[in-house]
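Right, I'll just put the structure down here and ask away after.
Quick caveat, the model's predicted, so the values are computed rather than measured. Reminder, nothing fancy here: chain letters follow the sequence lines and each chain counts from 1.
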Amino acid sequence: MTDATHPSVAETRAARRVTLRHIADSAFLIIVIYLVMAVVYVAVQPSALSAYSIESLFNNSLPLMLAAAGATFVILQGGFDLSVAGTISLVNVVIATTPMEGPGGALALLALAVALGMAVGAINGIIVAYLRIQAIAATLATMIICQGIALLILKAPGGMVSDFMVYELTASLTDRVPYALVIAALGVVFWTIYSRTDAGRNLLAVGQDRKAAALSGINVQRTEFFSFVWAGAFYALAAYMLAAQTSTGNPSAGEPFLLLTFAAVALGGTAFGGGRGGVTASLFGAATLMLMQKVLFAMGVSSFYTGVIQGMIMITAVLFSAAVHHAASNRRGA
Amino acid sequence: MKVTNKLKTLALAALAGTTMLSAGAADAKTADGKWLIYLSLSYSGNAWQSEAANIVKALAKTPPYNETVELVEVISGTDPQAQISDYESMIANGADGIVSFPISSNALNRVVRRGCQEDVLFFMYDGTVTEQCAYNISFLSGGFGENTAQALVNELGGKGKIFLSRGVPGNSVDERHTDGAMHIFNQYPGIEIVSEYYSYWDDRTTQQETAKALAAHPDVDGVWAQAGEYGVIQALLQADENRLVPVTGENSAGFRLALANPDMQAKGLAGVSSGSAPAQSGFAFKIMMEILNGEREPLPEGERNIEYPLPWVPADAVKMCEGDTFEDGCNVFGEDKVPSSFVSEVFNPELLPELSLTSALDGNPTEGATIQPLPEGAVKRAPDMPGINCRSCEAPDNQYDLTKIEATVQP
Amino acid sequence: MSDQTAIPLEDTRKAQRISPTVVTVATIYGIVALMIVASRLVSPSFGGLSQLETILYLSSFLVFCAFGQGLVILVRGLDLSIASVITVGGVLSAALMDGSNAGLFYVIPAILLACALIGVVNGIGVTVFNVPPFIMTMAVGIIVYSLCLGFTGGTPRGFPAPVLNDFMGSRFIGIPAPVWLLIAFAAMGTLVQSFSPFGRKLTAVGNNPEAAYVAGLPSRRLTVSVYAISAACAGFTGILLASYANGATLRMGDDYLLPSIAAVVVGGSSILGGKGTFLGTVGGAMLLTTLATILSALGIGQGWKTIMEGAVILLALILLRDTVFDSLRAVLVRKD
Amino acid sequence: MGQLLAVQDLAKRYGATVALGGVTMGIRAGEVHAILGENGAGKSTLVKILSGVVQPNDGTMLLDGAPHTPASIFAARGAGVSTAFQELSLIPHLSVAENLLLPKVSRGRFWPERRASIMQRAAAILAEWEITDIAPDAMIEDLPLAQRQRIEITRALSHATRLLVLDEPTAALPDTSWLFRQIRRLTERGVAVMYISHRLSEVREICQRATILRNGASIETVDLAGVDDAGIFAMMVGHAPAAPRSETETATGDILLETRDLHVGAIKGLNLTLRAGEIVGVAALEGQGQQDLFQALGGVRKRASGDIIVGGRSAPLGTPGKAQRTAPGIAFVPEERKADGIFDNLTAATNIVMADFASRSTGAFVNARLERNRAAKSAERVALSPRYLGFEVGNLSGGNQQKVLLARALMTGAKILILFDPARGVDVGTKQSIYAMMDDFVANGGTILFYSSELTELVQLSTRCVVLYNGQVSAEVSRADMTEERLLAAAHGPARTPPTPLREAS
């Protein structure tokens with residue numbers, strides 16, 4: 001062991017590193033970015049704080065948030081899942097073509113939706129984890145297949161979504177706290193617990209170092225498999241809330257989610273390639289993306305050039321989170 | 001400069017929005033006394049969308065609207081969530097009216113309903129929403145599908161192999177067009193649909209998809225196409241530069257010029273140009289302004305579906321415009337003025353006499369023009385189309401009746 | 001010294017008589033050939049040379065942009081900006097040529113250069129600032145598209161040079177000019193990717209970036225140049241597409257983004273980098289196009305067509321799996 | 001005592017490749033049993049099969065008389081077999097505690113255990129195995145390599161109820177006393193230990209018997225007391241080792257490389273001179289800054305301050321590429337052969353010729369034959385058989401991979417070679433080839449700076465030896481006074497007496 005000539009210095013450096021790392025690892029950064037953006041938004045748009053505005057903002061953001069949460073499971077273990085677009089379309093049309101009224105019906109539909117999402121996820125998982133096909137290509141294929149099935153079920157936008165889902169699920173708890181926010185908060189709670197269970201830890205471990213994880217006794221294939229299953233479940237939730245919000249089914253409902261989901265995950269600071277990040281961060285990443293739409297509108301950025309700003313913000317956010325992470329794990333080079 | 005202006009306007013608008021919220025007044029105008037109108041586009045990126053937007057912009061700059069209208073353009077992309085978000089913001093900003101191409105016929109209903117409650121007028125053009133408090137101004141009920149299908153059947157003498165070049169899969173407009181067309185084709189056992197493909201209403205995609213279909217069926221006898229039809233002509237010429245077949249399609253300049261071109265006719269081209277007109281946006285805008293200005297009574301809910309007349313230009317009716325407007329019944333501009341993808345139905349001398357080529361291309365008002373009131377009887381109610389402009393409704397029995405053409409061959 | 005005795009057993013046993021690369025490429029072209037032959041069942045006019053000609057013609061656009069995508073994937077990247085850059089190429093060629101042949105010889109290089117510069121931005125973001133390629137190229141794609149939108153005001157104006165439009169429709173020795181272009185491009189691309197020091201260096205960078213750095217390869221410069229090439233290829237595709245359709249639209253690139261990745265991966269390249277051939281990519285592009293022509297001729301609903309498209313891609317991926325090769329090779333080796 | 005583990009005709013094939021072709025051996029309860037063999041002899045495969053990472057194609061394993069067929073690491077642990085792997089299997093971004101307890105860190109399956117309670121359990125494990133200097137909540141990535149290795153071993157120790165497999169456990173350990181103490185505690189309980197190491201002295205110290213593997217097959221199991229080193233070598237390679245090398249003369253050539261007051265990483269003010277014709281060895285315990293020094297000279301790491309003078313001119317050496325191009329040229333062979341050295345998808349020839357591609361503009365096109373021809377000469381200098389040139393490097397043995405790397409370094413035409421542990425983990429034959437190449441290189445006017453973790457190698461090869469301690473030169477030892485004891489003493493710092501011998505040679 002090297003002698004620590006200046007233990008106090010070493011200790012403080014280590015301490016600083018620990019706090020920075022906590023910041024870098026947790027969803028702290030993206031939460032700050034989100035809050036800053038929210039403040040800006042409220043400043044330029046005072047009506048933003050009205051109960052209705054808050055409710056509609058969260059209702060609108062929730063599907064993307066859930067989709068990004070799902071994608072995070074796969075990205076954390078180092079994979080890639082393009083099937084998000086297909087799964088959302090598929091589940092969305094199934095919900096819209098399976099009329100079930102009332103709270104009981106909504107619950108039954110929820111179970112059906114999640115089961116379907118998990119089934120798609122399981123197929124992805126089998127193909128990627130057990131047949132060992134490159135994830136990006138395999139999920140591209142399953143995405144296309146899901147879109148095809150969605151078109152078989154519903155040729156054009158339509159179908160019916162029960163009034164309970166359309167009106168109750170998108171309302172607010174005691175007229176103040178949108179259910180959408182409650183669901184997002186449940187997502188945070190879920191991840192906080194899940195990430196501390198063995199399954200959650202294994203997910204991160206596999207993402208950091210597949211080989212070491214395998215040699216540590218982690219069943220890497222099963223971990224990969226279940227990451228896709230969880231992802232499918234969350235995509236299904238996204239599709240479910242999308243159906244509630246838009247009160248309709250659309251065989252191409254999932255298409256806009258394809259790139260936005262990955263943008264949201266990246267914005268949240270989850271590393272592509274795995275091992276670092278989390279669902280909470282992605283939830284906030286997606287919320288930030290949707291809030292950005294609001295802020296840009298409020299700032300009156302010429303709509304032709306909205307994309308320029310969006311692109312810049314994405315790059316900056318990723319650079320920022322990388323910079324903090326770099327400072328946190330300021331280790332010796334190569 | 002443009003941006004600062006907008007910022008200023010928006011700041012004012014925001015101010016107006018808050019006062020409105022507190023006052024709850026119905027007669028809301030911006031602080032400088034103008035109507036705050038939003039133009040919400042789904043997807044700017046093809047000629048059709050930008051022409052439609054330019055028409056509204058040009059009208060808003062035409063006196064006296066230049067003094068009374070504050071028009072803000074917003075592009076929401078292809079994501080319904082984004083358009084929902086933008087509608088919300090517009091409502092929050094105290095919009096008086098929203099002229100919009102809706103991305104989805106159902107997904108926007110909730111926010112539209114909510115806007116109506118805040119006394120915002122919604123005018124949808126071309127596309128529609130099923131929320132009954134919004135006005136839908138659309139040609140969809142005009143029967144594009146069945147009329148063009150009959151035209152093609154007539155040209156083919158009731159039998160032959162045809163392609164269907166469709167729009168976007170899973171889209172209700174595409175479904176309506178195709179259902180209408182199939183209603184006709186199904187009556188003729190001699191008509192054989194040998195290939196059906198999606199061209200995303202885009203010239204280039206149409207060209208490639210048609211080329212693929214031609215690989216299997218070089219002996220095709222006719223093509224029924226939605227927008228992107230000029231690509232069909234190009235693909236046919238590519239496969240065999242001496243052989244064309246009857247083609248029905250929409251309103252691109254390239255297609256109309258080809259229809260009227262004697263060389264092309266000699267090779268076998270015939271058909272009709274019909275379909276969606278960008279001018280619908282201008283029509284929608286003018287109705288809305290007349291209602292806002294109190295010149296026209298608002299229509300009761302449930303009767304707000306308005307039909308825009310279906311353009312109908314057979315080959316022999318194509319007439320080149322010499323000037324910059326549709327004068328003397330001319331209906332197409334030459335290649336020197338517009339690209340081939342330019343959608344020709346930008347002007348409507350009856351409904352929109354204020355417009356000229358510069359309006360459609362650049363969004364500028366026509367010099368010397370002033371806003372003319374809509375003629376008597378211009379606003380005609382459109383029939384119900386379930387899932388397109390209403391939710392729980394029945395389609396009339398005669399929904400596929402021919403309006404523009406008669407069958408010249410019997411099944 | 002007597003090396004023979006010290007050679008561990010595995011060296012000699014791992015000797016591979018058949019290069020996996022050759023097997024991959026052969027399999028893809030085998031599948032394509034099989035599909036073409038089988039397509040006769042779908043339509044009597046299929047299965048002939050004219051179908052092959054159509055397939056080659058239509059796959060050429062995909063091949064041009066997939067070359068750049070393939071190189072980017074070779075160095076462990078991904079280029080999501082190509083859809084927008086194709087649009088840039090198309091929009092600029094329509095706007096700058098404006099229907100005239102004059103100045104063609106500086107307009108085309110100027111457009112390619114402009115596109116390459118977009119690629120350089122991608123490359124710098126990825127190498128210098130360490131932004132993940134997925135994010136960097138997606139963001140740059142959004143930015144570039146938005147600039148295109150602003151620049152054109154929503155409507156791309158003008159026409160490409162007539163001579164280009166004529167070129168796309170012309171034939172030499174009975175074969176369409178773009179097919180010749182495809183053949184020349186495939187030959188050149190193969191030389192660059194598999195038989196040039198540049199290609200070797202890229203493979204090295206993709207195979208092991210750290211080792212490439214230590215070995216003294218200018219990894220950053222190589223990576224930046226790869227993104228520049230990818231963007232230039234996309235721009236080239238855009239010029240040709242605009243010439244083909246005699247005009248530009250803003251969404252003309254959208255149809256090529258995912259297929260370009262699919263063509264590369266179906267073509268046997270590893271999405272993880274360091275492995276892949278351009279001939280395989282060309283085969284992948286042909287496979288996708290062949291599939292599309294067959295599906296187009298099938299009288300089934302769009303839903304079923306879409307499902308079949310996904311299923312065939314999946315099947316091709318499964319057939320091209322390494323383990324399948326390994327067992328195949330094992331059988332072959334055991335035979336002799 | 002009966003056999004605890006009985007292995008019979010074990011075989012493993014990967015496709016057409018035979019990794020293990022018939023291993024038969026037995027380990028008794030309470031015994032420490034060595035597995036000896038060259039790289040590629042099949043040791044790693046045997047470890048993988050025993051620990052459930054891969055499954056054998058043929059043969060049987062009996063553990064306590066019951067068939068041992070673990071389908072996973074986890075299953076193997078369940079049977080009481082645990083393994084400390086050579087390539088450490090720790091997750092860098094998790095805590096020591098979590099790594100120790102993986103894959104079942106939390107007690108509850110669906111509800112997480114409190115962090116404090118996890119730490120407590122981990123602390124108990126650390127205490128049980130006498131680790132006092134590592135906190136359970138420390139991140140693995142913050143620990144030096146030696147501590148990580150101890151965590152890896154501790155994890156294996158904590159699970160070993162029947163058989164402990166240690167694969168090169170001392171690769172990064174400066175001191176074997178802790179490890180040997182734990183091994184003895186374990187064997188007293190009747191647990192058997194399979195011990196794999198290249199270091200014969202360690203093996204002799206701790207093991208009773210050894211099984212020798214060659215070419216994937218077990219050659220013989222011997223009682224270590226009854227056989228001398230030469231006999232073991234002979235069994236390992238199939239022939240007697242080469243004779244010791246002759247002496248080299250002291251060099252007085254031109255100064256090719258010089259550092260002045262160099263600061264980089266842990267290196268604090270280093271002065272060093274390399275002359276043409278000499279091999280300068282670097283001796284140091286783990287973590288004295290040797291990596292930093294070598295990386296700085298190779299251009300991989302930027303120096304903090306001080307001067308590096310190459311060929312008489314101050315050189316910035318910003319990148320390895322620049323280092324190669326700075327006359328008379330510096331070629332660097334890194335420590336991590338797999339991670340920083342080879343391109344495993346490319347052929348050996350391409351790997352070697354890459355040096356050419358990197359440094360100068362070559363012809364427009366290449367093909368496999370052209371590359372083989374071009375690489376042939378460098379390959380010959382490191383005695384790499386030309387028939388390997390066409391193979392993908394990933395399929396070659398470690399020794400041949402190392403030869404490929406050295407051939408690439410030679411291919412650059414550089415006159416200065418910076419070699420970090422060039423002969424680590426390679427077999428005896430390859431070692432001899434590498435030594436010969438080094439001698440040959442300096443005889444032709446080049447100079448070599450090399451670090452080795454084995455003192456024997458330093459003593460055998462160096463013209464003179466520089467000893468690093470705490471980032472500075474603690475001693476410079478000339479050829480005449482060079483002994484392992486002298487180097488070892490200096491490596492422990494200027495004013496200390498060496499504690500227990502850390503590492504000695506056979």
- Message: Looking at every heavy atom in both Ala141(A) and Gly310(C), which two are closest together, and how far apart are they?
- Response: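 Residues Ala141(A) and Gly310(C), closest heavy atoms: CB-O, 3.5 Å.
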
- Item | Leu82(A) side, atom CG; Ile261(C) side, atom CD1 - distance, nearest 0.5 Å |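 If I round to the nearest 0.5 Å, the distance is 7.5 Å.
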
- Part of Leu259(A) within contact of chain C (heavy atom distance under 4.5 Å):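 Both backbone and side chain.
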
- For the residue pair Ile142(C) and Met314(A), establish whether any side-chain heavy-atom pair is separated by less than 4.5 Å.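 The answer is yes; the side chains approach within 4.5 Å.
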
- Message: For the interface with chain A, which of Phe129(C), Phe151(C), Phe134(C) has the highest count of heavy-atom pairs at distances below 4.5 Å?
- Response: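 The residue among Phe129(C), Phe151(C), Phe134(C) with the greatest pair count is Phe134(C).
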
- Item | Lys155(A), NZ: over 12 other non-hydrogen atoms inside 6.0 angstrom |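 Open.
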
- Query: What's the spacing between Gln134(A) CD and Leu272(C) CG if we round to 0.5 Å?
  - Reply: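 Reported value, rounded in 0.5 Å steps: 6.0 Å.
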
- Message: Is Leu258(A) close to chain C through its backbone or its side chain, or both, or neither, when contacts mean heavy atoms under 4.5 Å?
- Response: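 Just the side chain, heavy atoms under 4.5 Å.
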
- Query: Could you state the interatomic distance from CG (Leu319(A)) to CE (Met136(C)), rounded to the nearest 0.5 Å?
  - Reply: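 It is 8.0 Å, given to the nearest 0.5 Å.
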
- Message: Which atoms of Ser269(C) are under 4.5 Å from chain A, going by heavy atoms: the side chain, the backbone, both sets, or neither?
- Response: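 Backbone of Ser269(C) only, per the 4.5 Å heavy-atom cut-off to chain A.
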
- Close side-chain approach of Leu152(A) to Thr306(C), heavy-atom, < 4.5 Å: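 They are not in contact (no side-chain heavy atoms under 4.5 Å apart), so the answer is no.
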
- Task: Decide side chain to side chain contact (heavy atoms under 4.5 Å, CB included) for Met143(A) and Leu258(C); before the verdict, give the C-alpha distance in whole Å, the side-chain angles of both, and the deciding distance to 0.1 Å.
- Result: CA-CA 11 Å; Met143(A) 172 187 88; Leu258(C) 291 180; 3.8 Å; yes

- Message: I need the Ile313(C) CD1 to Leu140(A) CG distance, nearest 0.5 Å.
- Response: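 So the gap between those two atoms works out to 5.5 Å.
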
- Query: Which atom names give the shortest non-hydrogen contact between Gly311(A) and Ala139(C), and what distance separates them?
  - Reply: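 For Gly311(A) versus Ala139(C), the nearest heavy atoms are O-CB, 3.5 Å.
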
- Message: I need the minimum non-hydrogen distance between Phe262(A) and Ile135(C), along with the two atoms involved.
- Response: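 Here Phe262(A) and Ile135(C) meet closest at O-CD1, 4.1 Å.
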
- Nearest heavy-atom pair of Leu317(C) and Ala138(A): which atoms, and what distance?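 Heavy-atom minimum between the residues: CD1-N, 3.9 Å.
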
- Message: Is Phe272(A) close to chain C through its backbone or its side chain, or both, or neither, when contacts mean heavy atoms under 4.5 Å?
- Response: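 Answer is side chain: those atoms of Phe272(A) sit under 4.5 Å from chain C.
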
- Kindly check if the number of other-residue, nucleotide or ligand heavy atoms within 6.0 Å of CZ (Arg222(A)) is above 12?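 Not buried by this count: 12 neighbours or fewer within 6.0 Å.
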
- Residue among Asn130(C), Val131(C), Val265(C), Ile271(C) with most heavy-atom pairs under 4.5 Å to chain A: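 Maximum pair count with chain A is reached by Ile271(C).
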
- Query: Side-chain contact, heavy-atom cut-off 4.5 Å: Ile136(A) with Leu78(C)?
  - Reply: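 When only atoms from C-beta onward are counted, Leu78(C) and Ile136(A) do touch, with a gap below 4.5 Å.
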
- Item | Heavy-atom proximity to chain C below 4.5 Å, by part of Ile127(A) |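 Contact with chain C: side chain only.
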
- Looking only at non-hydrogen atoms, find the nearest pair between Val318(A) and Pro132(C) and report the distance.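 Result for this residue pair: CG1-CD, 3.6 Å.
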
- Task: Hey, could you give me the CD/CG distance between Gln302(C) and Leu151(A), rounded to the nearest 0.5 Å?
- Result: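 Between atom CD of Gln302(C) and atom CG of Leu151(A) there are 6.5 Å.
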
